[in-house]
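Heads up: the structure comes next, in structure tokens.
Because the structure is predicted, anything quoted here is derived from the model rather than measured.
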Amino acid sequence: MPSMTMYAIVNMLAKTVPDDAKAQLGAFLEERNIQHEILCVEPDDLCNMFEDINQRTTATQAMPCIVWGGDGTIACALENLSPKKFSIIALPGGTMNLLHRTIHGEGADWQTILDNCLVANESVNISRGCLQKKDGEDLHFYVATLLGKLAQLAIPREELRENNLISAVSEMVATDDVLDLDPILEIQLSNGKSYQASAIGVGVDKSIPHAFDIGMINPDSILDLASIGLQSFIGDWHDVDEIDRFRVPYLTVISDESNEIDATLDGEFQKLSLPIDIVFEPAAVKVVSAKL
């Protein structure tokens with residue numbers, strides 16, 4: 001292991017990161033005689049923290065950096081930590097931890113993942129999606145992006161996964177026009193076909209090496225839309241019959257009704273300007289893997 005200090009960034013508000021994460025992780029690293037500095041942060045401070053350690057680090061080759069949190073936390077690290085200075089070790093601390101499974105494999109606790117990564121220090125390349133904006137910097141996602149009004153269900157989704165049904169329904173009722181049936185999106189696929197949809201999900205699946213896994217939502221009724229939304233956010237959208245699936249490496253999303261659209265990138269809600277091109281980038285980034 002390198003003699004320089006190993007940084008560990010912990011998102012203390014991630015769903016499954018324990019309250020005593022700093023103490024547990026510190027004891028783990030001390031047992032292995034690894035010089036370290038653990039930085040516990042909240043989500044709003046993640047980007048600034050990553051930029052800060054970029055500036056503080058003078059390493060001439062990439063050294064391991066532990067990042068503990070959910071998919072959004074790891075995606076933020078991949079976007080902001082310098083790959084010339086750091087090799088990211090992603091520890092699972094979110095609700096779904098889909099990106100962690102892509103990197104490491106299934107079914108291990110954070111201790112096993114970290115131990116394997118530190119001992120073997122092996123890397124893998126993972127793919128991502130690139131949203132090429134017309135009015136600013138490109139954005140990236142590593143698990144999935146959801147575009148359309150169903151993206152507003154990102155908050156009640158967390159309530160549903162925690163079995164808080166009353167709170168989830170309250171959030172949905174309070175969300176303006178989330179169940180509007182109008183198909184505001186036109187989707188132009190790289191295979192030459194075009195479709196209209198109320199919402200579209202674009203996923204990066206490691207079992208599909210050169211294309212997106214795409215789900216298009218265009219329901220017949222408000223009840224259908226509500227059912228699709230709830231099934232998708234509680235479980236696996238692949239199991240929802242009403243979602244049409246496609247696999248292409250490139251698509252364009254436009255709308256005649258609006259220049260702005262609701263979206264989530266790796267679970268994080270935001271507004272995006274249209275039109276927008278979405279491009280598959282295979283083996284785009286390198287990360288440390290436990291190879292379970």
Side-chain angles (χ1 to χ4, degrees), residues 11 14-15 43 46-47 50 67 69-81 83 88 90 92-104 124-155 157-158 185 187-190 197 199-217 232-233 236-238 243 245-254 260-287:
N11 179 358
K15 294 295 181 181
L46 278 171
C47 289
F50 292 140
V67 182
D71 292 322
T73 301
I74 306 306
C76 182
L78 291 170
E79 288 296 284
N80 290 280
L81 280 176
I88 294 173
T95 306
M96 297 294 287
N97 299 314
L98 298 175
L99 184 50
H100 308 74
R101 296 178 193 176
T102 295
I103 295 170
H104 302 299
V124 296
N125 293 309
I126 61 171
S127 302
R128 68 184 180 187
C130 177
L131 284 78
Q132 297 179 342
K133 301 170 63 179
K134 308 299 183 185
D135 61 347
E137 294 185 6
D138 293 347
L139 299 174
H140 299 103
F141 60 94
Y142 297 85
V143 177
T145 182
L146 175 65
L147 292 86
K149 293 175 180 176
L150 282 181
Q152 297 180 40
L153 292 177
I155 297 174
R157 172 194 61 186
E158 299 300 333
L185 302 179
I187 317 298
Q188 300 173 349
L189 303 180
S190 55
I200 179 173
V202 183
V204 178
D205 187 331
K206 67 178 180 180
S207 67
I208 310 170
H210 300 296
F212 290 121
D213 191 14
I214 297 172
M216 226 170 278
I217 303 168
S232 300
F233 283 114
D236 187 343
W237 68 271
H238 295 90
I243 295 180
R245 295 178 62 189
F246 304 87
R247 292 182 178 179
V248 294
Y250 177 91
L251 63 150
T252 299
V253 181
I254 63 176
E260 190 176 63
I261 190 172
D262 297 330
T264 62
L265 274 73
D266 294 327
E268 302 300 320
F269 180 82
Q270 61 183 283
K271 296 278 189 178
L272 296 178
S273 298
L274 294 177
I276 195 163
D277 297 325
I278 308 178
V279 180
F280 186 82
E281 296 183 344
V285 294
K286 181 180 290 187
V287 290

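- Between C47 and N80, the closest heavy-atom pair is SG-ND2, 3.7 Å.
- The side-chain hydrogen bond (donor to acceptor under 3.5 Å, both in side chains) check on T252 picks up D277, with sequence neighbours excluded.
- You'll find the side chain of V202 reaches within 4.5 Å of the side chain of F141, heavy atoms only.
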task = Go through the steps to decide whether Y142 and V285 satisfy the test side-chain contact (heavy atoms from CB on, under 4.5 Å), and finish with yes or no.
result = CA-CA 10 Å; Y142 297 85; V285 294; 3.8 Å; yes
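- Although no hydrogens or angles enter the test, the distance criterion places no donor-acceptor pair under 3.5 Å between the side chain of D71 and the main chain of D266.
- Rounding to the nearest 0.5 Å gives a distance of 12.5 Å between CG of D205 and CD1 of I214.
- Nearest heavy atom pair, residue G70 against residue A14, reads N-CB, 4.0 Å.
- Atom CE in M216 sits 5.5 Å away from atom CD1 in I187 (nearest 0.5 Å).
- At distances below 3.5 Å, not a single donor-acceptor pair connects side-chain atoms of T264 with backbone N or O atoms of T145.
- When all heavy atoms of H104 and A90 are compared, the pair lying nearest together is NE2-O, 2.7 Å.
- Under a 3.5 Å cut-off, the side chain of H100 and the backbone N or O of G94 do not form any donor-acceptor pair.
- Between the side chain of H140 and the backbone N or O of L265 there is no donor-acceptor pair closer than 3.5 Å.
- Heavy atoms of other residues, nucleotides or ligands lying less than 6.0 angstrom from NZ of K133 number more than 12.
- At a threshold of 4.5 Å between non-hydrogen side-chain atoms, the residues L139 and L272 count as touching.
- Closest non-hydrogen pair, L99 versus A75, comes out as CD2-N, 4.1 Å.
- Considering all non-hydrogen atoms of both residues, C130 and E281 come closest at CB-OE2, 3.3 Å.
- Here the side chain of R101 pairs a donor or acceptor atom with the backbone of M96 at under 3.5 angstrom.
- Side chain to side chain, Y250 and Q132 fail the donor-acceptor criterion of an N or O pair below 3.5 Å.
- Here the closest non-hydrogen pair linking S190 and V248 is OG-CB, 3.4 Å.
- Residues L78 and I126 have side chains in contact (heavy-atom distance under 4.5 Å, counting atoms from C-beta outward).
- You'll find the side chain of Q188 stays beyond 4.5 Å of the side chain of L251, heavy atoms only.
- Listed by chain and number, the residues in a side-chain contact (heavy atoms from CB on, under 4.5 Å) with S127 are V204, F280, P282 (sequence neighbours excluded).
- Salt-bridge check for D262 with K271: passed, with a basic side-chain N closer than 4.0 Å to an acidic carboxylate O.
- Under the rule for a side-chain contact (heavy atoms from CB on, under 4.5 Å), the partners of K206 that lie at least two apart in sequence or sit in another chain are T102.
- Rounding to the nearest 0.5 angstrom, the gap separating the CD1 atom in I261 from the CD1 atom in I200 is 9.0 Å.
- Residue E260 places its CD atom among more than 12 non-hydrogen atoms of other residues, nucleotides or ligands, all under 6.0 Å distant.
- Note that CD1 of I74 is 7.0 Å distant from CD1 of I88, once rounded to the nearest 0.5 Å.
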